[in-house]
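To find a chain, count down the sequence lines: A is the first, B the second, and so on, and within it residues start at 1. Everything numeric in this text was worked out from a predicted model, so none of it was measured.
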2 protein chains.
Amino acid sequence: MATEKKLDCVILGLLSHEELTGYEIKKRMDTTLKYFWGASYGSIYPTLSGLVERGLATKRGDADNKRNKLIYTITNEGRDYLQQWLKAPAEKDELRYETLLKLFFGKEEGARQAIAHIDAFQEKIEKEMPYLLGAAETLRNCIAEDDTHKYYLLTVEFGLKTYRAYLEWCKEAKNMLAEDLQESRKGRNETC
Amino acid sequence: MATEKKLDCVILGLLSHEELTGYEIKKRMDTTLKYFWGASYGSIYPTLSGLVERGLATKRGDADNKRNKLIYTITNEGRDYLQQWLKAPAEKDELRYETLLKLFFGKEEGARQAIAHIDAFQEKIEKEMPYLLGAAETLRNCIAEDDTHKYYLLTVEFGLKTYRAYLEWCKEAKNMLAEDLQESRKGRNETC
DNA sequence: ATGAAATATATCATACTGATATATTATGAA
DNA sequence: TTCATAATATATCAGTATGATATATTTCAT
């Protein structure tokens, strides 16, 4: 089989758990999935249309169509397609960290600026941590109810592990750069 | 300023260290930068043309143009542009982990399949580790020579920290799923 | 009653990927 | 020496994604 479009599979995955509108799918992307995947409206809506065209999902209007909602449901063909993808080995695991990029070219801007980038990064991570911790706690409590929760928890644990590693790195990296600042201060005989 | 195209900045960053051809830029992407950024020929060559058009880089043929090389050099305007971007806070820090995605929807396929995905992920990481360790070692030894090395080292340390976290997670995640398998075996009264 | 926030879909210019095409040069084995 | 293979080098394109914007309705707090 030709390589599937990833977003087809992600959306089918979400639909395999529950019926959703495009808007709700976007919300899932921005909350639950955002730690390891993302998508914009500009790709979600066309992808949904494509899924319906190919018979992998169906679309219907809301009963009391107040909001002009379009609700999407996965079909049996859609489930088969999803299964195929889930069985195949993962192809792409990559990160795009602009912070690291700026750090890599950091000599141009100097230690002080580099530290500022790391601080901003650290702040972002620290702000996310409570959500991840909360999610992990919730999931651990309802893990017996439904097997899905166990798999959710696995991904949250991944997030926690890596976030803790990020924070450790932030600390060490800043220490290293701080030494640097002191050196240069001494070198140039500056005070404060 | 409107948001800059990231690849403009990445390429200018590379050119700020040395003159390069498009092919060499691609190699840098696939080796040094691949742990936190990526780009394909289909974006590198058009981006280089754009940089020349806008006066941020210049292009010249090789002296003995055996290979029909096109060598790109950063201009002063290019350096200014790069500085602007380096000073601005990072916008996008995201990862796209298909492994995590498949795991998130893992209930559909069951524990055995999930473990297989984690194994593949782990293998990939373990294979990369020696390169990162080697790079860190090399960089630590020549850190005094040139300040650039210190910033390279910072990004390698980031890679090492996160990769170690990944490996820890792999172990724990597989343990959790293995318990699962045992349970289901007991439940269904299977042997072996 | 009213303004702000949330819900909901759609579109578009710009950008990126992954594949493919094309051609040359270096390398190592037969 | 010759010949296949790997490496070097640029370019293009269909398919896909992003981020911004447009539009309209509904819910909610004041």
Side-chain angles (χ1 to χ4, degrees), chain A residues 1-12 19-31 33-34 36-54 57 59-72 85 90-96 98 101, chain B residues 1-11 19-31 33-34 36-54 57 59-72 90-96 98 101:
Chain A
M1 198 197 293
T3 24
E4 312 87 350
K5 195 171 75 167
K6 294 294 173 289
L7 192 53
D8 283 341
C9 305
V10 180
I11 290 183
L12 286 175
E19 303 186 320
L20 292 166
T21 68
Y23 185 77
E24 290 169 325
I25 287 171
K26 172 66 170 157
K27 271 206 295 189
R28 299 281 182 290
M29 296 279 186
D30 292 345
T31 54
L33 297 186
K34 85 165 163 189
F36 49 91
W37 209 265
S40 63
Y41 286 126
S43 58
I44 291 170
Y45 284 111
T47 298
L48 281 168
S49 301
L51 290 176
V52 172
E53 251 175 60
R54 286 181 290 153
K59 156 170 124 172
R60 67 162 207 278
D62 201 2
D64 55 333
N65 214 353
K66 280 189 188 173
R67 278 213 184 264
N68 204 33
K69 269 191 199 180
L70 299 172
I71 302 169
Y72 292 85
W85 173 69
E91 283 166 354
K92 129 194 269 180
D93 284 316
E94 56 170 44
L95 63 182
R96 230 145 231 255
E98 200 179 327
L101 212 46
Chain B
M1 196 197 294
T3 23
E4 311 86 350
K5 195 172 73 166
K6 295 293 172 290
L7 192 54
D8 283 342
C9 305
V10 180
I11 291 183
E19 303 186 320
L20 292 166
T21 68
Y23 185 79
E24 290 168 326
I25 287 172
K26 172 67 170 156
K27 271 204 295 190
R28 298 281 182 290
M29 296 280 185
D30 293 344
T31 53
L33 296 186
K34 83 165 165 191
F36 48 91
W37 210 265
S40 62
Y41 286 126
S43 58
I44 291 170
Y45 285 111
T47 297
L48 281 168
S49 301
L51 290 175
V52 172
E53 251 174 61
R54 286 181 290 152
K59 158 170 123 172
R60 68 159 205 279
D62 201 2
D64 55 334
N65 214 356
K66 280 192 190 175
R67 279 216 183 261
N68 204 34
K69 269 191 200 183
L70 299 172
I71 301 169
Y72 292 87
E91 284 165 355
K92 131 192 271 182
D93 284 316
E94 55 170 44
L95 63 182
R96 230 144 231 255
E98 200 177 328
L101 211 46

Please state how far atom [atom1] in [X] lies from atom [atom2] in [N], giving the value in whole angstrom units.
| X | N | atom1 | atom2 | value |
| --- | --- | --- | --- | --- |
| B/K26 | D/dT10 | NZ | P | 14 Å |
| B/K5 | C/dT14 | NZ | P | 12 Å |
| A/I11 | C/dT9 | CD1 | P | 12 Å |
| B/Y23 | C/dA26 | OH | C1' | 12 Å |
| A/E24 | C/dA6 | CD | P | 16 Å |
| B/E94 | C/dC16 | CD | P | 13 Å |
| B/Y72 | D/dA11 | OH | P | 6 Å |
| A/I71 | C/dA8 | CD1 | P | 9 Å |

So A/K59, base contact, sugar-phosphate only, or nothing? Heavy-atom distance under 4.0 Å. nothing

Where the side chain of A/K26 meets the backbone of A/A39, is there a donor-acceptor pair that is under 3.5 Å apart? yes

Ignoring the backbone of A/K69, work out which of D/dA9, C/dA8, D/dT18 is nearest its side chain. C/dA8

side-chain hydrogen bond (donor to acceptor under 3.5 Å, both in side chains) against B/D8, all qualifying residues, sequence neighbours excluded: B/R54

Kindly say if [X] contacts the phosphate of [N], meaning a side-chain N or O under 4.0 Å from OP1 or OP2.
| X | N | value |
| --- | --- | --- |
| B/T47 | C/dA15 | no |
| B/K27 | D/dT8 | yes |
| B/K92 | D/dG19 | yes |
| B/R96 | D/dT18 | yes |

Restricting to non-hydrogen atoms, name the atom on A/K6 and the atom on A/E91 that form the minimum distance, rounded to 0.1 Å. NZ-OE1, 2.9 Å

Of the non-hydrogen atoms in B/L70 and B/K59, which two are nearest, and what is the gap between them? CD1-NZ, 4.3 Å

Contacts of B/Y45 meeting ring pair (Phe, Tyr, Trp, His ring centres under 6.0 Å) (sequence neighbours excluded), chain-then-number -> B/Y41

Would you say the side chain of A/L20 lies within less than 4.5 Å of the side chain of A/K27, judging by non-hydrogen atoms? no

Bracket notation of DNA chain D in which parentheses pair within the strand, [ ] cross earlier pairs, and | pairs with another strand (Watson-Crick or G-U, under 3.5 Å): ||||||||||||||||||||||||||||||

Side chain to side chain contact (heavy atoms under 4.5 Å, CB included) with B/T21: which residues, sequence neighbours excluded? B/Y23, B/E24, B/K69, B/I71

With sequence neighbours left out, write down each residue that passes side chain to side chain contact (heavy atoms under 4.5 Å, CB included) with A/R96, or none if nothing qualifies. A/E94, B/W37, B/E94

Result of checking A/L7, A/L48, A/I11 against A/S43 for side-chain contact (heavy atoms from CB on, under 4.5 Å): A/L7

Residue-level proximity of residues 38-46 of chain A to DNA chain D when a heavy atom falls under 4.0 Å: A/G38, A/A39, A/S40, A/G42, A/S43

